[in-house]
Number of protein chains: 2
Amino acid sequence: MVDTVEQMGGKQFSNLSASIVATLKERIIHWQYPPEHRLTEAELCQKFGVSRSPVREALRTLATDGFLKKMPNRGYAVKQYNFHEIEELYEVRLALELYVVECLAKRGAPKKDEIDALKRTWTCLLNESSKKDEDLARLDTLFHETLAHAAGNKSLLRHLRAINERLLLFRMIDFGKAHRAERTCHQHLEILKRIAAKDVAGARKAMQQNIEEGRNNVHAAIKDALARAYSF
Amino acid sequence: MVDTVEQMGGKQFSNLSASIVATLKERIIHWQYPPEHRLTEAELCQKFGVSRSPVREALRTLATDGFLKKMPNRGYAVKQYNFHEIEELYEVRLALELYVVECLAKRGAPKKDEIDALKRTWTCLLNESSKKDEDLARLDTLFHETLAHAAGNKSLLRHLRAINERLLLFRMIDFGKAHRAERTCHQHLEILKRIAAKDVAGARKAMQQNIEEGRNNVHAAIKDALARAYSF
DNA sequence: ATGAGTCAAATTGTATACAATCTAGAGTAC
DNA sequence: GTACTCTAGATTGTATACAATTTGACTCAT
């Protein structure tokens with residue numbers, strides 16, 4: 001099976017390296033490459049039909065982004081996050097997102113039109129009969145990133161994006177749980193209400209509940225169902 | 001003037017790219033390359049006497065680390081942080097470090113030997129007549145990273161390191177201020193005391209004071225002295 | 001003088017060849 | 001059977017050549 005980079009979703013990239021990064025990220029997120037799956041430069045060159053230079057750049061990028069791990073002289077492998085590491089990612093996320101809502105509750109709400117758009121999207125998605133876990137997870141991520149964006153700190157947003165991108169893999173598990181989407185929607189509205197009311201402590205608490213519920217779902221799901229693929 | 005990568009501090013690196021990254025980082029931090037100074041692959045190849053491959057990798061790394069900015073088809077340039085961006089970095093740092101002390105105050109103090117070592121180092125440095133700003137800034141950074149390490153979250157530590165490394169440039173300004181070292185030392189001891197007493201709110205407050213004082217010093221210094229080099 | 005068009009230089013993107021290093025397995029001595 | 005050595009293969013690191021793109025200045029027509 002020979003892939004071509006051009007197939008990749010129809011999106012255009014400025015160079016081969018960026019395109020390869022996007023392709024591999026997509027595959028890793030969708031579990032098409034299992035954890036610990038090895039990737040070598042030569043193999044990818046052949047599959048994508050490109051030279052080592054762009055492949056090499058792409059692998060380095062993915063390694064620094066935490067999608068791959070580098071094994072000296074043995075190539076790269078899809079990084080397998082253990083239970084503890086996932087918890088750590090959630091903790092950093094919590095720290096940053098609590099700060100976001102604190103800022104917003106203190107010095108003014110996010111832009112009304114953005115928030116309204118999010119509310120509408122949630123409503124549409126919940127009414128649909130076929131709710132894909134991935135769509136829900138992406139919408140959830142979008143909500144949190146919209147808040148971060150509204151806080152107006154680009155550096156904060158960048159760090160949060162890096163973490164959320166990596167957690168997307170596990171958040172899909174989160175939304176696999178029954179009625180999780182409805183609960184999340186409810187929690188999001190609560191967060192917005194508290195921010196609007198400039199209730200700093202309340203907003204922090206609402207955000208903490210939202211994030212920790214997700215974390216607990218992932219926590220439980222991993223222990224239950226994924227013990228085979230992911231050995232702790 | 002032809003540099004050789006081997007000169008670089010005597011440290012050994014596994015490959016040329018890592019060595020170039022370290023060299024350039026060092027120079028940027030010491031203002032040997034002014035903000036907006038342009039760096040092209042070809043120029044660095046000639047200076048270091050190596051080929052484009054490792055130089056290219058190094059430049060990409062420095063760009064993603066926030067030391068350089070990439071200008072499409074115009075090479076790279078030393079990133080000039082404006083006032084607002086520095087404030088943003090300090091905010092993210094604050095969010096993460098508040099979380100660190102909160103964790104520590106809640107679930108147990110850092111290791112005693114590490115803390116004692118820090119205390120001793122502070123004492124030595126304060127007694128020396130020649131206090132270099134850079135040494136003080138590095139010790140300050142070390143203190144904060146030791147706390148983060150004690151919190152036991154590797155992901156958190158990585159994000160914090162990235163921010164602190166970038167802020168080192170400005171923290172040297174911070175310690176240029178008279179008696180700042182003594183004040184910082186005092187504040188650090190206060191933080192440790194509150195953590196030991198499991199006083200969460202007190203520890204957060206002490207940390208916030210410490211960080212915001214530094215931020216204000218940098219804030220003022222930049223407005224005063226650096227308006228020439230750094231145009232806002 | 002001003003604007004469009006053109007071309008050389010600068011710069012990055014990609015391919016490929018070669019060098020250095022490490023891994024793992026086969027083979028051999030004991 | 002076990003441990004040791006040596007070697008072939010795998011893999012990354014580095015150098016270099018070539019292609020593609022963009023920039024900026026120069027020319028020429030208006």
Side-chain angles (χ1 to χ4, degrees), chain A residues 2-8 11-25 28 33 35-80, chain B residues 2-8 11-25 28 33 35-80:
Chain A
V2 174
D3 295 305
T4 48
V5 196
E6 285 75 52
Q7 298 179 341
M8 171 46 215
K11 283 182 199 161
Q12 291 308 316
F13 295 93
S14 58
N15 55 34
L16 288 176
S17 164
S19 153
I20 294 170
V21 167
T23 305
L24 291 181
K25 236 180 222 178
I28 292 172
Y33 291 134
E36 297 299 318
H37 178 86
R38 283 187 59 191
L39 295 171
T40 61
E41 294 178 4
E43 181 201 335
L44 293 170
C45 288
Q46 215 193 348
K47 275 201 179 171
F48 289 124
V50 300
S51 77
R52 274 184 58 209
S53 310
V55 167
R56 197 177 156 73
E57 275 194 7
L59 289 176
R60 276 179 65 95
T61 301
L62 289 167
T64 59
D65 285 356
F67 285 87
L68 302 180
K69 70 175 175 188
K70 189 173 181 178
M71 309 185 304
N73 300 304
R74 310 246 12 245
Y76 295 79
V78 175
K79 174 145 175 61
Q80 169 168 311
Chain B
V2 175
D3 296 305
T4 48
V5 197
E6 286 73 50
Q7 298 180 342
M8 171 49 214
K11 283 181 200 162
Q12 292 308 316
F13 296 92
S14 59
N15 55 34
L16 289 175
S17 165
S19 152
I20 294 170
V21 167
T23 306
L24 292 180
K25 236 179 220 178
I28 293 171
Y33 291 134
E36 298 298 318
H37 178 86
R38 284 187 56 190
L39 295 170
T40 62
E41 294 178 6
E43 179 201 336
L44 293 170
C45 288
Q46 215 192 349
K47 276 200 178 173
F48 288 124
V50 299
S51 78
R52 274 182 59 210
S53 309
V55 167
R56 196 177 158 74
E57 275 194 9
L59 289 175
R60 273 179 68 96
T61 301
L62 289 166
T64 59
D65 285 357
F67 285 88
L68 301 179
K69 70 174 175 189
K70 188 172 182 178
M71 309 185 304
N73 301 302
R74 310 250 7 249
Y76 294 78
V78 175
K79 173 145 176 63
Q80 168 168 311

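Side chains included, hydrogens not; waters and symmetry mates left out as well; all remaining heavy atoms used. Every value quoted in this text rests on a predicted model; they were computed, and no experiment measured them. Proteins come first, then strands; the chains are lettered A, B, ... in the order of their sequence lines, and each starts at number 1.
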In whole angstrom, give the distance that lies between atom CG of B/L39 and atom P of C/dA10.
17 Å
Span of DNA chain D in contact with chain A (heavy atoms, under 4.0 Å):
D/dT11 to D/dT14
Once side chain to side chain donor-acceptor pair (under 3.5 Å) is applied, do any residues pair with B/S53, and if so which ones, sequence neighbours excluded?
none
Between A/L62 and A/L39, does the side chain to side chain contact (heavy atoms under 4.5 Å, CB included) criterion hold? Intermediate values first, please.
CA-CA 11 Å; A/L62 289 167; A/L39 295 171; over 6 Å; no
Where do A/V21 and A/F67 land on the side chain to side chain contact (heavy atoms under 4.5 Å, CB included) test, with the steps shown first?
CA-CA 10 Å; A/V21 167; A/F67 285 87; over 6 Å; no
Closer than 4.0 angstrom, basic N to acidic O: yes or no for B/R38 and B/E43?
no
Toward the 5' end of DNA chain C, which comes first, B/S53 or B/A42, by nearest nucleotide?
B/A42
DNA chain C-proximal residues of residues 55-68 of chain B, any heavy atom under 4.0 Å
B/R56
Passes side chain to side chain contact (heavy atoms under 4.5 Å, CB included), B/F48 versus B/T23? Steps please.
CA-CA 10 Å; B/F48 288 124; B/T23 306; 4.1 Å; yes
Output a table of nitrogen or oxygen pairs between the protein and nucleotides 20-26 of chain C separated by less than 3.5 Å.
none

Write out all pairs satisfying salt bridge (Lys or Arg N to Asp or Glu O under 4.0 Å) with one or both partners inside residues 66-78 of chain A, taking only residues at least two apart or from two chains.
A/E36-A/K69
Residues B/L16, B/E57; criterion side chain to side chain contact (heavy atoms under 4.5 Å, CB included); working and verdict
CA-CA 10 Å; B/L16 289 175; B/E57 275 194 9; over 6 Å; no
Compare every heavy atom of A/A58 with every heavy atom of A/I20, then report the nearest pair and how far apart it is.
CG2-CB, 3.6 Å
With sequence neighbours excluded, residues passing side chain to side chain donor-acceptor pair (under 3.5 Å) with A/R52:
A/E41
State, yes or no, whether a side-chain contact exists between A/T61 and B/R60 at a heavy-atom distance under 4.5 Å.
yes
